[in-house]
Amino acid sequence: MPSAREIMTPDVTCIGENESLADAAQKMAQLDVGSLPICGQDNRLKGMLTDRDIVVKAIAQGRNPAEVTAGELAQGKPVTIGADDDAGEILRTMGSHQVRRLPVIDGHNLVGMVALADVARALSDRPVGDLVDAISKS
C-alpha cells in the first residue's frame with residue numbers, strides 16, 4: 001500500500017494562529033479550498049479551520065471575523081497522519097474520526113495534506129467505498 005507521503009498533496013498553505021478569520025476566508029477563496037491547517041509561530045500544527053467553522057463559530061455568533069483569530073477556533077489536538085503511515089492507516093484514521101482531510105506530519109512538521117480524493121485515486125474502490133460509508137454515518 002502507498003504511504004501518505006506518496007499520495008499527499010505537498011506544499012500546504014497554513015493560516016497563522018494569530019491571523020484573522022477574515023484573512024483565512026480570503027486564503028480559502030484564493031486557493032479554492034474549504035479548510036486550512038492552523039499553524040503556530042513555532043511552525044507546529046495547532047488545528048484545522050474550515051469554512052463551516054468560520055460561519056458557525058464566529059459569524060453566526062455575532063463575532064467579527066476580522067477580530068477573531070484562527071487560533072481561537074483551534075480545538076484540542078488535531079487528527080493527523082504520519083508521512084510514512086500506509087493507506088490502510090489513512091483509511092482507519094479518516095473513518096474513525098469521520099474526516100475527509102488529514103494533515104500529514106513528519107516529526108512535528110506539517111509536510112502535506114491527504115484528502116479523500118487522494119485516497120480514492122490511490123486505492124481500489126472497495127476500501128474507499130467503506131470509508132465513505134464510515135464518514136457519512138454522522
Side-chain angles (χ1 to χ4, degrees):
M1 275 196 176
S3 70
R5 188 184 311 275
E6 293 170 314
I7 63 174
M8 71 182 190
T9 300
D11 303 322
V12 177
T13 299
C14 288
I15 186 72
E17 66 183 333
N18 295 319
E19 290 184 75
S20 74
L21 298 184
D23 293 334
Q26 289 171 350
K27 278 188 183 184
M28 287 180 189
Q30 290 168 353
L31 298 168
D32 193 28
V33 297
S35 67
L36 291 171
I38 303 169
C39 295
Q41 292 179 351
D42 58 0
N43 290 324
R44 290 190 179 197
L45 182 66
K46 302 297 182 185
M48 290 293 293
L49 179 68
T50 66
D51 48 7
R52 186 175 193 283
D53 292 333
I54 294 170
V55 171
V56 173
K57 297 177 182 175
I59 296 170
Q61 303 293 321
R63 300 174 75 190
N64 183 345
E67 295 174 358
V68 179
T69 66
E72 290 178 58
L73 297 188
Q75 298 177 352
K77 185 176 184 232
V79 177
T80 63
I81 195 79
D84 296 320
D85 289 343
D86 69 22
E89 184 62 24
I90 295 168
L91 290 172
R92 284 187 292 280
T93 302
M94 284 182 164
S96 66
H97 293 279
Q98 296 187 317
V99 296
R100 297 172 192 272
R101 290 173 200 83
L102 285 173
V104 180
I105 303 295
D106 190 0
H108 293 289
N109 298 320
L110 178 66
V111 295
M113 189 74 66
V114 173
L116 181 57
D118 298 323
V119 178
R121 282 190 292 273
L123 298 178
S124 68
D125 292 341
R126 176 66 187 196
V128 175
D130 292 344
L131 172 60
V132 170
D133 284 343
I135 290 172
S136 300
K137 287 184 180 175
S138 60

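Counting from 1, the numbers follow the sequence of the chain as shown.
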Which heavy atom of G82 sits nearest to which heavy atom of A4, and what is that distance? O-CB, 3.5 Å

Which atom pair, heavy atoms only, marks the closest approach of S35 to R101? OG-CD, 3.3 Å

OG on S3 to CG on D85, rounded to 0.5 Å: 9.0 Å

Could you list the residues that satisfy side-chain contact (heavy atoms from CB on, under 4.5 Å) with A60, not counting sequence neighbours? none

Scan for salt bridge (Lys or Arg N to Asp or Glu O under 4.0 Å) pairs involving residues 30-45, sequence neighbours excluded, and state none if there are none. D42-K46

Would you list the atom pairs, donor with acceptor, under 3.5 Å between side chains in residues 103-118 and any protein atom, with sequence neighbours excluded?
residue: D106; atom: OD2; partner: R5; partner atom: NH2; Å: 3.3
residue: D118; atom: OD1; partner: R121; partner atom: NH2; Å: 2.7
residue: D118; atom: OD2; partner: A115; partner atom: N; Å: 2.8

If we only count heavy atoms from C-beta on, is the M48 to V79 side-chain gap below 4.5 Å? no

Pairwise distance CD1(I38) to CG(L49) - rounded to 0.5 angstrom: 5.0 Å

Not counting sequence neighbours, list each pair that qualifies as a salt bridge (Lys or Arg N to Asp or Glu O under 4.0 Å) and has a residue in residues 6-25. E19-K27

Hey, could you give me each pair passing salt bridge (Lys or Arg N to Asp or Glu O under 4.0 Å) that has a residue in residues 68-83? Not counting sequence neighbours. R63-E72

Pairs meeting criterion salt bridge (Lys or Arg N to Asp or Glu O under 4.0 Å) with involvement of residues 107-116, two or more places apart: none

Report yes or no: do I59 and L21 belong to one cluster of Ile/Leu/Val/Met/Phe/Trp/Tyr joined by side chain heavy-atom distances under 4.5 Å? yes

